[in-house]
Student: 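Dropping a structure here in structure tokens format, bear with me for questions.
Lettering of chains follows the sequences in order, A, B, ..., and the numbering in each one begins at 1.
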Amino acid sequence: MLRLHYNLERVSMGLVAAIIVAASIGGLVEIAPLFTIDETLEAPADLRPHTPLELAGREIYIREGCYACHSQMVRTLADEIDRYGPYSLAAESAYDHPMLWGSKRTGPDLARIGEKYSDAWHAAHLVNPRAVVPASIMPAYPWLAATPLETSSLSAQMATLARLGVPYSRERIANAAQDALAQARPDSAGATGVAERYGARVAVRPFGGDPTRLTEMDAVVAYLQSLGRLTTAAHDPH
Amino acid sequence: MIASLSMPERQSGLILAIGLAVLGLAMLGAAKEGPMAVHGAMAMVLGILLAFALAGALFEPDAPAGRTALYYDEPTRFGIAMTLVWALIGMSIGVWVAALLYWPEATPLWPATSFGRLRPVHTTGVIFGFGGNALIATSLHVLQRTSRARLADSVTPWFVLIGYNLFCAWAVTGYLMGSTQSKEYAEAEWYADLWLVVVWVAYFALYLRTLARRNEPHIYVANWYYLAFILVVAMLHIVNNIALPVSLAGSRSFTVWAGIQDAMVQWWYGHNAVAFFLTAGFLGMLYYFLPVRAERPIWSYRLSIVSFWGIVFFYIWVGSHHLHYTALPYWVQTLGMTFSVMLLVPSWASAGNAIATLNGAWHKVRDDATLRFMFVAAVFYGLSTFEGSFLAIRPVNSLSHYTDWTVGHVHSGTLGWVAMIIFGALYTLVPQLSGRRTMAWPKAIEWHFWLSVTGTLIYVVAMWNAGITQGLMWRTYGANGGLAYSFLESVMAMAPYYLLRTVGGALFLAGAAICALNVRATMLAAPAAAGATDRPLLPQAAE
Amino acid sequence: MSAEKHHDAEIDPVTGYETTGHDWNGIRELNTPFPRIVIWALALTFLYSVIAWVLLPAWPIGRDYTRGVLGLDQRQVAMQGFAALEKARDDWMAGFAAGDLDALAADPALMARAMPAARRLFADNCAACHGTRATGGPGFPDLTDADWLWGGSPAAIVETLRVGINSGHPDTRVSQMPAFGRDGLLPREVVQAVADYVLALPGGAAGQHHAGAQAFAENCVACHGETGSGGLGTGAPALAGGRWIYGGDRATVLATIHGGRQGVMPSWADRLSAAEINLLAVYVSRLGANGQRAEAP
Ligand code: HEM
Ligand code: HEM
Ligand SMILES: [Ca+2]
Ligand SMILES: [Ca+2]
Ligand SMILES: [Cu+2]
């Protein structure tokens, strides 16, 4: 063995090849089967992808780095189930490119936050967390309520995700901007289209609270209210 | 810097600079607005500035004759300067975000300054800016000395260093503008990722070409580690960052991986960024500068072999310890846990080999703060790998995961190990590069050392307490069988620890600032004595 | 190693070991033999791993993986743990699942066990809106005062928690303060007059002859009561007590009458068990009844 190594150290390409081999095995054994073992990802029949408005909210969640403080993964531990609700399923993030499970809980887990609080609370909390939770150390995001939501790129984003396997049909893609607006306008003509395209379980409400314009607040709140509610399977583990 | 280049080299440099300016212009033109346009403008300005400097130098005197008989250290000097610039940026932001968690109202109402955007600026700034520049700069030095060969050419090292720093600058300015892929330690967007691939390939090629010219039959251990660092980081970076841009004219992209596969790829990458960036590369540094400073032989060549291959082989398996109890299948978690435990052995073997190398030089450790930096680094390396293996055990992780214990572990590794070994290496290397026997202010090293050690201890102890308190509060049940604490109570309990951490970080930052000033003073000072520690170059190749 | 013995090999005076004979810019290496302890440590950690691999799910094979002789499934383990937790508190919790809440509340020993659990549930679920001390805040009612929109008995509160107010629950309690100004129900001067009337209510200055009195009698008493006393169980708050949900300054009252209000209280039926809801109802009802304040947080 030593002798072998003694010779290996003299050939740079030999070292390179050996390093590549040694450093590949683990990854291959652990990652490849995640695509082939069937039970890894049981997708429930009622799983839906995010609506355009929620997707826009997710982009803002990413942009602002909320994932730096909030996990979205209730682990299979009794106390977490007790505090947050049913443990997270693999399928719940099956359409998430990338997943937002997080690695730090400076704030609470958000996997089950959907419909836990009201839209108005979320809006007030995001504008200034300390207005509703005096001891909070979460930063304030007042600009969300002031910034109009940019919807023109949603179609292109959804088309990209569709190419990666997210079930966004042509129709969903074509109506993206319109659906984003309509989801926050329950009285508008487009509201029924949202329900038709994404299912009756989708919430159609003025999320951000300002009925005169569509803001980033509408998107973030719609996204937060969708967390844990893309499938009913999570709430019914057995 | 340009004076050291020959006319043909200046010409190739000019072409590259113009190429960079054109690339920048193309990005600017395609994107028109948003982060990609800003980044295009940055590249264009940089390209134009470089082009002007190089074009001007075409009419200046050629590089001194006989330069190829000398080692090429100008890129290393530049890399060291960038190391310290990024150290100050990254660590100041670290102190600032630490303060924000204690005092959130201090966040200015300007999106770019909020915690979530600054945090990746800190991590990228310190890991890639500070750590990466230190690795590249020292690797170029070590490579030449242990090969007794000059770098294979004089343009590539500049391409690598400038290109790498452009990547870092793109990354952190992108986060400030809200442009991020959100993958931890790989947040930079697709075009920056692609750019890094180009830079990295050039780096790898430079390394191999220089190794091929070496005059030592055997490749020294430090180079094994540097090679593993370069190769595996390339592999990880490419696989984890495969993404589909929404448009070639915009910054946004979606990673091709989704859900649990993405989680596994992400932490396969994330953990091994720790392993091959923050560990393997720095072990390379340790393996060179520690014996040089201690003037002692490496304690055991045979142990080096086992620890090297142990680290390369075992590390790759353990990423799933970041996903214990999650929706990731149990079997992967078991593999991650068990390999993490086995990984402790080669890790401690490396730390032990380093510490045993100091046998016969303990008096130097006592008297020489530079060597003490490296000794403490080896000790912290041992501590944080022990802690890591411990945290990787599922039941332990059920407590520690998501808490500040992880952050404590991270900084015992990064402050105690990574930063300290960098400081030790710099204090060894900078006088040599400046042709001096010592740093300009030798006493300041002692100050720096104690600031670093105190800062690290305060930081790490505070975070251990914070993390364990947090983890326990989340899972403690009262006598009545109900959860005892609300989440918010755990947030409130963190306040004193977050304050302490800020103080510890500020001390550490102060030390780093002293180091930067000291290095600057040393580099600017006139050579006091020729650093005759280097063996002369030999011209012919071995392989 | 003898075959590789380098001609430059020498003995290190400190350790007594031989060097390998290589020299890289002054760095040499000792040929110190492999320390035994490393081999032992490797063997030990490997043994640990093998045991874990045998017991637990571990190695992928084709389209399947080894299940481990313990046959553990992390989800099942978690649900068993959760069931055990529920069982551990069942001795007192069972009473809340189906019991006479008033009788339970009268048992001090039981309350001593139950209230800390309720306090935590309140802090993690309700305090975000109603405040860590349950005293409410702009838009969210105070639960410690004597004013109730839907009734302060445990039974009434249970129903409020179960279905929510203006929530998505099919049986939700519905309440709405109409937008008198925006929807053109009242002209602007009348809105202002009635606002002034409402503002004068707490001080007792809003008499029959107040300019807004008539408009109030015609438009508001149906929900808020003759004297603005509220408490009709329709979700409309008392206006005369000086305790406001949204605020008692003129601008806020005007905004309320002009734009209307429809506060949302989520339904907890899907999130909390019936016993937990009952427990919280008892906790909340006692906040007001005893005039006691919720502890922070
Ligand atoms: C001046 C000293 C430093 C201070 C005050 C500091 C502070 C911080 C803070 C406040 C965080 C965020 C923790 C959280 O989200 O709760 C953080 C994260 C991090 N820092 Fe530092 N830091 C310092 C130096 C460094 C250095 C030198 C490195 C690396 C070489 C480093 C690497 C990291 C990493 C990798 C993380 C992410 C940890 C995780 O996600 O678990 N830090 N630091
Ligand atoms: C034997 C060696 C090591 C092992 C087995 C190990 C293991 C671990 C574990 C179990 C975690 C926590 C994962 C979680 O619960 O989220 C972790 C996190 C981390 N460790 Fe280590 N560690 C080792 C060495 C190191 C060293 C030397 C460094 C730094 C120089 C380091 C840097 C980090 C970082 C940056 C994280 C945070 C990752 C995140 O963002 O969540 N580790 N490590
Ligand atoms: Ca992290
Ligand atoms: Ca990236
Ligand atoms: Cu790890």
Student: What part of B:Leu231 gets within 4.5 angstrom of chain A, counting heavy atoms only: side chain, backbone, both, or neither?
Tutor: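 Contact with chain A involves the side chain of B:Leu231 alone.
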Student: Select one option (side chain, backbone, both, neither) describing which atoms of A:Cys69 are under 4.5 Å from chain B's heavy atoms.
Tutor: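 Just its side chain gets close to chain B.
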Student: Which pair of heavy atoms, one from B:Arg214 and one from A:Ser12, lies closest together, and at what distance?
Tutor: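 In this case the closest contact between B:Arg214 and A:Ser12 is NH1-CB, 4.5 Å.
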Student: Counting only heavy atoms closer than 4.5 Å, note whether A:Ala23 contacts chain B via side chain, backbone, both or neither.
Tutor: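 Both backbone and side chain of A:Ala23 come within 4.5 Å of chain B.
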Student: Is there any residue in residues 24-36 of chain A with a non-hydrogen atom under 4.5 Å from a non-hydrogen atom of chain B, and which ones are they?
Tutor: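 Residues of residues 24-36 of chain A touching chain B at under 4.5 Å: A:Ser24, A:Ile25, A:Gly26, A:Gly27, A:Val29, A:Glu30, A:Ile31, A:Pro33, A:Leu34, A:Phe35.
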Student: Checking heavy atoms, do the side chain of B:Ser247, its backbone, both or neither come under 4.5 Å from chain A?
Tutor: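 Nothing of B:Ser247, per the 4.5 Å heavy-atom cut-off to chain A.
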Student: Please report the interatomic distance NE2(A:His5) to CD1(B:Ile305), rounded to the nearest 0.5 Å.
Tutor: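 If I round to the nearest 0.5 Å, the distance is 5.0 Å.
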Student: Which bit of B:Thr403 is near chain A, if near means a heavy-atom gap under 4.5 Å: side chain, backbone, both or neither?
Tutor: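 Interface part for B:Thr403: backbone (N, CA, C, O).
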Student: Measuring heavy-atom distances to chain A, does B:Tyr207 have an atom under 4.5 Å in its side chain, in its backbone, in both, or in neither?
Tutor: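 It is neither, since no heavy atom gets under 4.5 Å.
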Student: At under 4.5 Å between heavy atoms, what parts of residues 149-157 of chain A are in contact with chain B? List them by residue number.
Tutor: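 Within residues 149-157 of chain A, the residues that come under 4.5 Å of chain B (heavy atoms only) are A:Ala156, A:Gln157.
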Student: Looking only at side-chain N and O atoms, does A:Asp109 offer a donor or acceptor that is under 3.5 Å from a partner on B:Tyr402?
Tutor: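 Side-chain D/A pair, B:Tyr402 to A:Asp109: absent.
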Student: Against chain A, label B:Val232 side chain, backbone, both or neither, depending on which of its atoms sit under 4.5 Å from a heavy atom there.
Tutor: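 The answer is the side chain of B:Val232.
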Student: Once rounded to the nearest 0.5 Å, what's the spacing between atom CG of A:Leu89 and atom CD1 of B:Ile260?
Tutor: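 The distance works out to 11.0 Å.
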Student: Taking B:Ala495, B:Ser179, B:Ser182, B:Gly178 one by one, which has the highest count of heavy-atom pairs under 4.5 Å against chain A?
Tutor: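 Heavy-atom pairs under 4.5 Å are most numerous for B:Ser182.
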Student: Heavy-atom distance under 4.5 Å to chain A: side chain of B:Trp267, backbone, both or neither?
Tutor: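 Looking at B:Trp267, just its side chain touches chain A.
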Student: Is chain A contacted by the side chain of B:Gln181, its backbone, both, or neither, given a heavy-atom distance below 4.5 Å?
Tutor: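 Backbone only.
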Student: Output every pair passing salt bridge (charged side-chain N to carboxylate O under 4.0 Å, His left out) with a member in residues 240-255 of chain B, not counting sequence neighbours, ordered by first then second residue.
Tutor: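 Listed by first then second residue: A:Glu59-B:Arg252, B:Glu189-B:Arg252.
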Student: With a 4.5 angstrom heavy-atom cut-off, is it the side chain or the backbone of B:Tyr102 that approaches chain A, or both, or neither?
Tutor: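 B:Tyr102 has no heavy atom closer than 4.5 Å to chain A.
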Student: Side chain, backbone, both or neither: which part of B:Asn272 has a heavy atom under 4.5 Å from chain A?
Tutor: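 B:Asn272 has no heavy atom closer than 4.5 Å to chain A.
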Student: Under 3.5 Å, is there a donor-acceptor pair between the side chain of B:His218 and the main chain of A:Arg10?
Tutor: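 Not confirmed, B:His218 side chain does not pair with A:Arg10 backbone.
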Student: Decide if atom OH of B:Tyr485 counts as having more than 12 heavy atoms of other residues, nucleotides or ligands within a radius under 6.0 Å.
Tutor: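 Open.
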Student: For B:Trp257, is it the side chain, the backbone, both, or neither that has a heavy atom closer than 4.5 Å to a heavy atom of chain A?
Tutor: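 Its backbone and side chain both get close to chain A.
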Student: With only heavy atoms counted, which part of B:Phe339 is less than 4.5 Å from chain A, the side chain, the backbone, both or neither?
Tutor: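 It is neither, since no heavy atom gets under 4.5 Å.
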Student: Of the backbone (N, CA, C, O) and the side chain (C-beta and beyond), which part of B:Val491 lies under 4.5 Å from a heavy atom of chain A, both, or neither?
Tutor: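 Answer is side chain: those atoms of B:Val491 sit under 4.5 Å from chain A.
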Student: To check you understand the geometry: which heavy-atom pair defines the closest contact between B:Ala327 and A:Trp101, and what is its length?
Tutor: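 Shortest heavy-atom separation between B:Ala327 and A:Trp101 comes out as CB-CH2, 4.2 Å.
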Student: Could you look at A:Ala159 and say if it's the side chain, the backbone, both or neither that has a heavy atom under 4.5 Å from chain B?
Tutor: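 Answer is neither: A:Ala159 stays 4.5 Å or more from chain B.
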Student: For chain B, which residues from residues 125-134 of chain A lie under 4.5 Å away (heavy-atom distances)?
Tutor: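 Residues of residues 125-134 of chain A touching chain B at under 4.5 Å: A:Arg130, A:Val133.
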Student: Identify which part of A:Ser88 has an atom lying under 4.5 Å from any heavy atom of chain B, answering side chain, backbone, both or neither.
Tutor: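 Backbone only.
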Student: Could you look at B:Leu328 and say if it's the side chain, the backbone, both or neither that has a heavy atom under 4.5 Å from chain A?
Tutor: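 Both parts, backbone and side chain.
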Student: Non-hydrogen atoms of chain B under 4.5 Å away: do they reach the side chain of A:Val16, the backbone, both or neither?
Tutor: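 A:Val16 touches chain B through backbone and side-chain heavy atoms alike.
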Student: At what distance, to the nearest 0.5 angstrom, does OH of B:Tyr301 lie from CG of A:Leu2?
Tutor: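 The distance works out to 6.0 Å.
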Student: Checking B:Asp262 side chain against A:Pro98 main chain: does a donor-acceptor pair fall under 3.5 Å?
Tutor: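 No, B:Asp262 side chain to A:Pro98 backbone: no donor-acceptor pair under 3.5 Å.
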Student: Non-hydrogen atoms of chain A under 4.5 Å away: do they reach the side chain of B:His401, the backbone, both or neither?
Tutor: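 For B:His401, heavy atoms of backbone and side chain both lie under 4.5 Å from chain A.
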Student: So does A:Arg63 get a backbone contact from the side chain of B:Thr180, meaning a donor-acceptor N/O pair under 3.5 Å?
Tutor: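 It does not hold such a pair.
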Student: Examine whether an atom of A:Leu144 lies under 4.5 Å from a heavy atom of chain B, and if so say whether it belongs to the side chain, the backbone or both; otherwise answer neither.
Tutor: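 Interface part for A:Leu144: neither.
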